[in-house]
Amino acid sequence: MFLVMASIDWLGQAEIASRFRRAIEDSDALGQSDEAVIGRAILLLRRPRDLVRAVFGSVPDGLLGAMQRLGHAPVGAPETYRELQRLFFSEVSADRRRVKVLGQMAGSLVGAQIEIVSLLDPVLLHPAFVALVHETEQVAELNASLAYVRARCSDATDEAIRSSLTRLKRDDHRSALFRWWSHRFDRLPRSLDTRGDPTLVILGSAKALSDAARRYENCLATKVGQVYVGNYLYIEYRPAGPEPGVIGELRATTQGFLLEGLYARKNCRVKPERAAVVRRKLAACGVALYDHAQDEQGIVTAAAKVLNFFNLGEADNAGWGVEADEPPANDIEGLETVASEAA
C-alpha cells in the first residue's frame, strides 16, 4: 500500500488513476475523479500483490517480502519507496546483487537500508556488513575507507575483501573490517628517502612493524594504525656487527618528518653516542631534530637543569632504563620463538 501511495509522488496522481482504471476495467470509473478512482481501486483490489501489479505491471520476487519487513508504518520519504521499486524492477546485475543482500538480511528492514545498499561500494554488499550500517551519512566515509584499503594493501582485491566480510560477527562494529585490513597494509602513504644508507631500514608494512615489536620487545605492533594513516613512520637503525639497533619514531609534519623518539630494546634509552650517530644519519635524510636556544649548548643545558628541565640536549631519547649492550633478537631466534609457540 505504501509503495503504491508513494508512487503518486513520482508518477503523478493522474497516471496512477489511469493505471487503476485499466486494472479494474470498470466503465463507471471513466467519469469519476482521479481521487475517486484510486480510492475505488484500493477497495476493489485490496491485496498488496494486486495493487502493485496494477500500478507497475508485475510483482518481482521478494518485493512484497521486503515491503512487509519495512513494517506497517511509512518509512522515510517517498524516495525510499521509489528506490525500492527501482531496485526490484532493475535488470542491472549490480542492482540484482543489492536486492539479494536485502533478502539475505535477517529481521526487519529500516528505510535507510534501502538507500544504503544503493550507495555502498558493490564490494561491501554483504548482509553482515550492511546490517552494521545504520545511516546513509556513514556510506561516503565507508566507501572512502575502502578506497584507502585498496591503495595501502596490495592483497586487497575485490575477492579478498569479499572474503574478509565473512569474518564479521553480529556484535562487531563496521570498523572491524577496516581495522583487519589496516593490519595487512604493505604500502606506506608517505616514506623517507634514506639516501641509500643500508643501516637505515624503514618499517614499511604491518608485518615489518610486528616483527620489530617482537625483536625489540616493545609496543610497535600497536602503532600499525598510526603508520597506516600516515601520522608516523618508524625506522630501524641496523648497524653492522653485534652493535644494538635503535628504533626511530618520526612524526609527519607539513614540512617533512620530525624525529620524536629514539628507543633501544624494551623501550630503553639509547646510549648518547649511539643516539648521536642515528640523529646525524636521519638529519642527512632531511629529518628535522629537536633544537635548543641559539646559544652554546652547554650554557643552555646548565640553565635548563637549574630550572629542573632535563633531557634538553637529547629530547628525542625518550626511553627509560639503561640500554643493554646486546643486539635485538636475530632471525634465528625469531624462528625458534615461532616454532615454540606453534608446538
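- Proximity of a side-chain donor or acceptor of Arg238 to a complementary backbone N or O of Thr199 within less than 3.5 Å is not detected.
- The cluster map of Ile, Leu, Val, Met, Phe, Trp and Tyr, joined by side-chain heavy atoms under 4.5 Å apart, puts Val110 and Leu87 in different clusters.
- The shortest side-chain heavy-atom distance between Arg279 and Val270 does not fall under the 4.5 Å cut-off.
- Taking the charged nitrogens against the carboxylate oxygens, Arg215 and Asp211 do have a contact shorter than 4.0 Å, which makes a salt bridge.
- With values rounded to the nearest 0.5 angstrom, Leu233 atom CG is found 9.5 Å from Arg190 atom CZ.
- In this structure, the separation between OG on Ser145 and CG on Leu177 is 9.5 Å, given to the nearest 0.5 Å.
- One N or O on the side chain of Thr222 and one on the backbone of Cys219 form a donor-acceptor pair closer than 3.5 Å.
- Ser164 and Trp181 share a side-chain donor-acceptor pair at under 3.5 Å.
- Linking ILVMFWY side-chain heavy atoms closer than 4.5 Å, directly or via other members, places Tyr232 and Val201 in two distinct hydrophobic clusters.
- Counting only heavy atoms from C-beta outward, the side chains of Gln226 and Tyr234 never approach each other to under 4.5 Å.
- A side-chain donor-acceptor contact under 3.5 Å links Asp186 to the backbone of Ser154.
- Of the charged side-chain nitrogens involved, none lies within less than 4.0 Å of a carboxylate oxygen, so that Glu79 and Arg82 do not count as a salt-bridged pair.
- Between Asn231 atom CG and Thr253 atom OG1 the span is 12.0 Å, to the nearest 0.5 Å.
- Other residues, nucleotides and ligands contribute at most 12 non-hydrogen atoms within 6.0 Å of the CZ atom of Arg170.
- Remark: Asp155 does not engage Arg184 in a salt bridge, criterion side-chain N to carboxylate O under 4.0 Å.
- The shortest side-chain heavy-atom distance between Phe257 and Leu282 does not fall under the 4.5 Å cut-off.
- One finds the CD atom of Gln113 at 11.5 Å from the OG1 atom of Thr136 (value rounded to the nearest 0.5 Å).
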Could you give me the CA-CA distance, side-chain angles and deciding distance for Arg162 and Glu159, then say whether salt bridge (charged side-chain N to carboxylate O under 4.0 Å, His left out) is met?
CA-CA 5 Å; Arg162 289 191 184 99; Glu159 181 179 356; over 6 Å; no

Residue pair Val55, Leu11: steps toward the side chain to side chain contact (heavy atoms under 4.5 Å, CB included) verdict:
CA-CA 10 Å; Val55 175; Leu11 291 175; 4.1 Å; yes

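- To the nearest 0.5 Å, the span separating CG on Leu203 from CD1 on Ile235 amounts to 8.0 Å.
- The distance from atom CZ of Arg174 to atom CG of Leu124, rounded to the nearest 0.5 Å, is 12.5 Å.
- Taking a 6.0 Å sphere around CG of Asp193, one finds it holds more than 12 heavy atoms contributed by other residues, nucleotides or ligands.
- Arg69 places a side-chain N or O within donor-acceptor distance of the main-chain N or O of Gly107, the cut-off being under 3.5 Å.
- Checking side-chain atoms of Asp9 against main-chain N and O of Ala6 turns up no donor-acceptor pair under 3.5 Å.
- Taking a 6.0 Å sphere around CD of Glu141, one finds it holds 12 or fewer heavy atoms contributed by other residues, nucleotides or ligands.
- Between the side chains of Arg97 and Ser93, not a single donor N or O lies within less than 3.5 Å of an accepting N or O.
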Going through the checks in order, is the side-chain hydrogen bond (donor to acceptor under 3.5 Å, both in side chains) test met by Arg22 and Ser18?
CA-CA 7 Å; Arg22 292 193 297 269; Ser18 175; 3.1 Å; yes

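- Between Phe129 and Phe178, the ring planes lie perpendicular to each other; the angle is over 60°, past the 30° to 60° tilted range.
- Judged by distance alone, the side chain of Thr166 and the main-chain N or O of Ser163 form a donor-acceptor pair under 3.5 Å.
- Between Tyr228 and Phe185, the two ring planes are tilted [angle within 30° to 60°].
- The distance between the ring centers of Phe56 and Phe89 falls below 6.0 angstrom.
- A salt bridge links Arg86 and Asp95; the closest N-O separation between the charged side-chain nitrogens and carboxylate oxygens is under 4.0 Å.
- The 12-atom threshold is not exceeded at CD of Gln68, counting heavy atoms of other residues, nucleotides or ligands nearer than 6.0 Å.
- Remark: Gln255 CD is loosely packed, at most 12 non-hydrogen atoms of other residues, nucleotides or ligands lying under 6.0 Å away.
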